[in-house]
Amino acid sequence: MIKNILLIITIIFFSIKCISQNSKSDDNSKEVIYTSPKLVVGIVVDQMRYDYLTRFYNRFGEGGFKRMIREGYNCKNNHFNYIPTFTGPGHASIYTGTTPQNHGVIANNWYDKFGKEIIYCASDPSVKAVGSNSELERMSPHRMKTTTLGDQNRLHTQLKGKTIGIAIKDRGAILPAGHTANGAYWFRGKNEGKWITSTYYRNDLPNWVQEFNDSGKASSYLKVWNTLYNINTYTESGEDKNQFERGYKGKETATFPYDLATLKDQNAGFDIVKMSAYGNSLTADFAIAAIDGEKLGNDDTTDVLTVSFSSTDYVGHNFGVNSKEIQDTYLRLDKDLERFFTALDTKVGKGNYTVFLTADHGAVHVPSYLKSLKIPSGYFDEDAFVQKIETFVKEKFKVEGLIEKIYSDQIFFAYDILEKNEVNAEELEKVIAHFVLQQDYIDKVFTRTQLQEANYISGTAGLIQKGYNQKRSGDVVIVLNPATIIYSKTGSTHGSGLNYDTHVPLLFFGKGIKHGSTTNTTNIPDIVPTISALLGITFPNGATGNVLSFVLE
């Protein structure tokens with residue numbers, strides 16, 4: 001009897017244990033292994049150095065940059081890990097998770113050695129503009145070789161998740177949005193002042209875009225641009241009147257205020273809006289309209305919205321890193337971001353979206369300003385350099401036309417002429433590299449043979465290699481001295497592998513993101529693998545970056 005009771009108790013015990021284990025197993029089967037925000041928003045601020053965050057921090061409001069830092073994660077030591085640092089490669093690298101070595105966008109413009117012409121990173125003669133009759137607006141992402149975050153999200157969701165790209169610049173809208181985007185929209189200035197697209201995406205403008213264009217919003221920014229606050233309080237930037245800024249045609253000095261309506265006819269019409277701080281405000285207006293117009297974040301399938309604020313780049317090129325104009329542009333952008341985030345809170349819902357913010361490159365201080373402070377810097381005469389190299393090669397090898405093109409710090413060989421005259425390409429590389437290195441303002445030189453046969457893991461060589469595409473790049477690559485540029489002596493530019501061009505912000509906030517910061521090195525190609533891991537989707541097909549697991553909850 002006692003034995004039977006013990007047997008029954010034993011059976012009951014093991015039955016309860018099994019039920020408990022099965023229950024745990026069922027719980028585990030429901031465990032969430034990825035995060036599904038209704039909307040992922042990627043923000044790129046064109047030409048934003050990291051130190052703009054710190055220089056202007058005390059002047060920012062609470063709802064823009066500070067909100068991202070306060071609620072999200074700040075990667076303080078984030079860099080581009082390749083050369084060149086231009087807009088086209090920057091946007092492509094951010095959203096493909098790799099470098100020009102793989103995605104193929106090696107510059108904004110590059111020499112096509114097969115077609116024997118200079119081509120633009122987003123140009124596509126097979127399509128037509130939609131919303132404009134201009135032949136200059138025939139654009140698509142077809143030159144970008146790999147997929148983007150938006151492409152992978154579209155594939156993962158069986159094309160249910162939307163992707164929309166927006167920027168004043170065509171390349172800032174098109175390359176981030178990727179190949180499968182539902183739409184990419186950019187601003188046509190001149191005498192039109194409209195947001196447009198191309199037949200790559202659709203054959204007509206959607207109603208919401210047409211309504212926005214008809215609203216007169218672009219015209220409303222043809223007004224006086226003065227400082228947001230008293231200019232005397234802008235102590236984080238240099239004197240308003242100086243010799244290092246270009247300004248606008250029709251105004252004698254590059255000083256506030258600027259009457260854009262008066263100046264527009266001498267500055268390409270509506271182009272003056274995009275070349276002012278108001279271009280960012282117009283972009284924010286359009287991005288907010290897109291959320292409603294495309295019903296982004298309206299269901300449980302993740303959508304992707306890419307927004308690039310391009311006007312910061314135009315202002316930086318015109319006025320430089322240390323200008324009152326650049327400070328005012330960032331203070332106004334901060335307010336535009338706050339307005340945009342408030343719209344996301346209202347339309348998508350707090351806790352329902354994830355945002356990252358970064359830049360496509362930084363910028364150098366105006367070299368003429370640096371020279372006035374006795375900091376090494378300079379200006380490179382590219383035309384004189386081209387003439388000197390071509391003359392040297394002709395005299396050295398007694399052959400005309402061995403160099404086919406010198407463009408964008410690269411030398412391209414005419415291989416048909418090399419073959420015809422039995423000139424060895426490696427010998428030509430070495431001779432040119434030795435000669436170039438002796439020239440003023442040249443810091444380093446790399447040859448095709450070096451970049452194809454060696455594996456550089458650090459330093460300038462490593463940056464060059466990651467930006468070097470075997471099929472599209474040249475045969476000799478030139479690196480200028482620090483703070484030496486091919487540009488006018490007013491305004492600023494970018495393109496190098498030095499910290500002023502590579503060190504850019506990287507902020508994450510929203511659903512699935514921890515609060516915190518790091519000074520550990522992060523790289524631009526790490527962004528999309530991190531967001532892909534958050535979403536539980538496949539990385540873009542050429543991605544080489546790492547997942548920043550410390551950012552994710």
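Quick note: residue numbers are just sequence positions, from 1.
- Under the 3.5 Å distance criterion, the side-chain polar atoms of Asp292 are left unmatched by any main-chain donor or acceptor of Ala289.
- In this structure, the side chain of Asp46 does not engage the main chain of Thr312 through any donor-acceptor pair within 3.5 Å.
- The only member of Tyr57, Tyr330, Phe60 that meets ring pair (Phe, Tyr, Trp, His ring centres under 6.0 Å) when paired with Tyr52 is Tyr330.
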Would you check, one step at a time, whether the test side chain to side chain contact (heavy atoms under 4.5 Å, CB included) holds for Val504 with Ile524?
CA-CA 9 Å; Val504 298; Ile524 285 294; 4.0 Å; yes

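- Although no hydrogens or angles enter the test, the distance criterion places no donor-acceptor pair under 3.5 Å between the side chain of Asn481 and the main chain of Thr484.
- Listed for the Thr530 side chain is a donor-acceptor partner under 3.5 Å among the backbone atoms of Leu548.
- With sequence neighbours excluded, the residues satisfying side-chain hydrogen bond (donor to acceptor under 3.5 Å, both in side chains) with Glu294 are Lys162, Trp208.
- Tyr500 places a side-chain N or O within 3.5 Å of a backbone atom of Ala483 that can act as its donor or acceptor partner.
- Between His317 and Thr493, the closest side-chain pair of non-hydrogen atoms falls below 4.5 Å.
- Two rings, from Phe309 and Tyr314, have their centers 6.0 Å or more apart.
- Looking only at distances, a side-chain donor or acceptor of Arg246 sits under 3.5 Å from a matching main-chain atom of Thr490.
- The residue from Trp186, Tyr185, Phe187 that alone fulfils the ring pair (Phe, Tyr, Trp, His ring centres under 6.0 Å) condition with Trp195 is Phe187.
- Inter-residue side-chain proximity for Thr96 and Val528 is flagged as unmet; no heavy-atom pair is nearer than 4.5 Å.
- Aromatic rings of Tyr278 and Tyr221 (six-membered ring for Trp) have centroids within the 6.0 Å cut-off, being under it.
- Distance OG/Ser134 to NZ/Lys190: 8.5 Å, rounded to 0.5 Å.
- Evaluation of the side-chain hydrogen bond (donor to acceptor under 3.5 Å, both in side chains) rule for Tyr120 yields Asp170, Arg171 as partners, not counting sequence neighbours.
- Side-chain contact of Thr87 with Asn108: a donor-acceptor pair under 3.5 Å is absent, judged by distance alone.
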Given the rule in the salt bridge (Lys or Arg N to Asp or Glu O under 4.0 Å) test, do Arg67 and Asp345 qualify, once you have shown the distances and angles that lead to the verdict?
CA-CA 13 Å; Arg67 178 179 175 186; Asp345 291 341; 2.9 Å; yes

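- Judged purely by atom type and a 3.5 angstrom limit, Asn267 uses its side chain to pair as donor or acceptor with the backbone of Lys249.
- Within the 6.0 Å centre-distance limit, the rings of Phe256 and Trp225 are counted as a close aromatic pair.
- In summary, the side chains of His365 and Ser492 do not present any donor paired with an acceptor at a separation below 3.5 Å, with no hydrogens or angles considered.
- The shortest distance between side-chain heavy atoms of Pro376 and Pro482 does not fall below 4.5 Å.
- Between Thr518 and Asn520, the closest heavy-atom pair is OG1-N, 3.0 Å.
- Residues Tyr82 and Pro525 form no side-chain contact, since every pair of their non-hydrogen atoms from C-beta on lies 4.5 Å or further apart.
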For a side chain to side chain contact (heavy atoms under 4.5 Å, CB included) check, start with the C-alpha distance between His494 and Asp313, then their side-chain angles and the critical distance, and finish with the verdict.
CA-CA 10 Å; His494 47 85; Asp313 185 69; 3.6 Å; yes

Residues Cys75, Val551; criterion side chain to side chain contact (heavy atoms under 4.5 Å, CB included); working and verdict
CA-CA 9 Å; Cys75 298; Val551 167; 4.3 Å; yes

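- Ring centroid separation for the pair Tyr50 and Phe65 does not come in under the 6.0 Å cut-off.
- Looking at Lys76 and Leu53, their side chains never come closer than 4.5 Å, going by heavy atoms from C-beta outward.
- Classification of the Phe380-Tyr441 ring pair by plane angle, with boundaries at 30° and 60°, yields perpendicular.
- Although no hydrogens or angles enter the test, the distance criterion places a donor-acceptor pair under 3.5 Å between the side chain of Lys194 and the main chain of Gly131.
- Checking side-chain atoms of Thr54 against main-chain N and O of Asp51 turns up a donor-acceptor pair under 3.5 Å.
- Taking 4.5 Å as the limit, every side-chain heavy atom of Met275 sits out of range of all side-chain heavy atoms of Asn318.
- Looking at Ser310, its side chain never comes within 3.5 Å of a backbone N or O of Ala167 through a donor-acceptor pair.
- You'll find the side chain of Glu137 stays beyond 4.5 Å of the side chain of Ser198, heavy atoms only.
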Stepwise side chain to side chain contact (heavy atoms under 4.5 Å, CB included) check, Arg59 with Asp334:
CA-CA 9 Å; Arg59 305 301 304 272; Asp334 183 61; over 6 Å; no

Could you go through the salt bridge (Lys or Arg N to Asp or Glu O under 4.0 Å) check for Arg339 and Asp285 one step at a time?
CA-CA 9 Å; Arg339 188 161 56 91; Asp285 295 336; 2.7 Å; yes

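- With contacts defined as side-chain heavy-atom distances shorter than 4.5 Å, the pair Leu260/Tyr258 qualifies.
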Before you tell me yes or no, could you show the steps for Asp328 and Arg332 under salt bridge (Lys or Arg N to Asp or Glu O under 4.0 Å), namely the whole-Å CA-CA distance, both residues' side-chain angles and the distance that decides it to 0.1 Å?
CA-CA 6 Å; Asp328 193 69; Arg332 290 179 179 275; 2.8 Å; yes

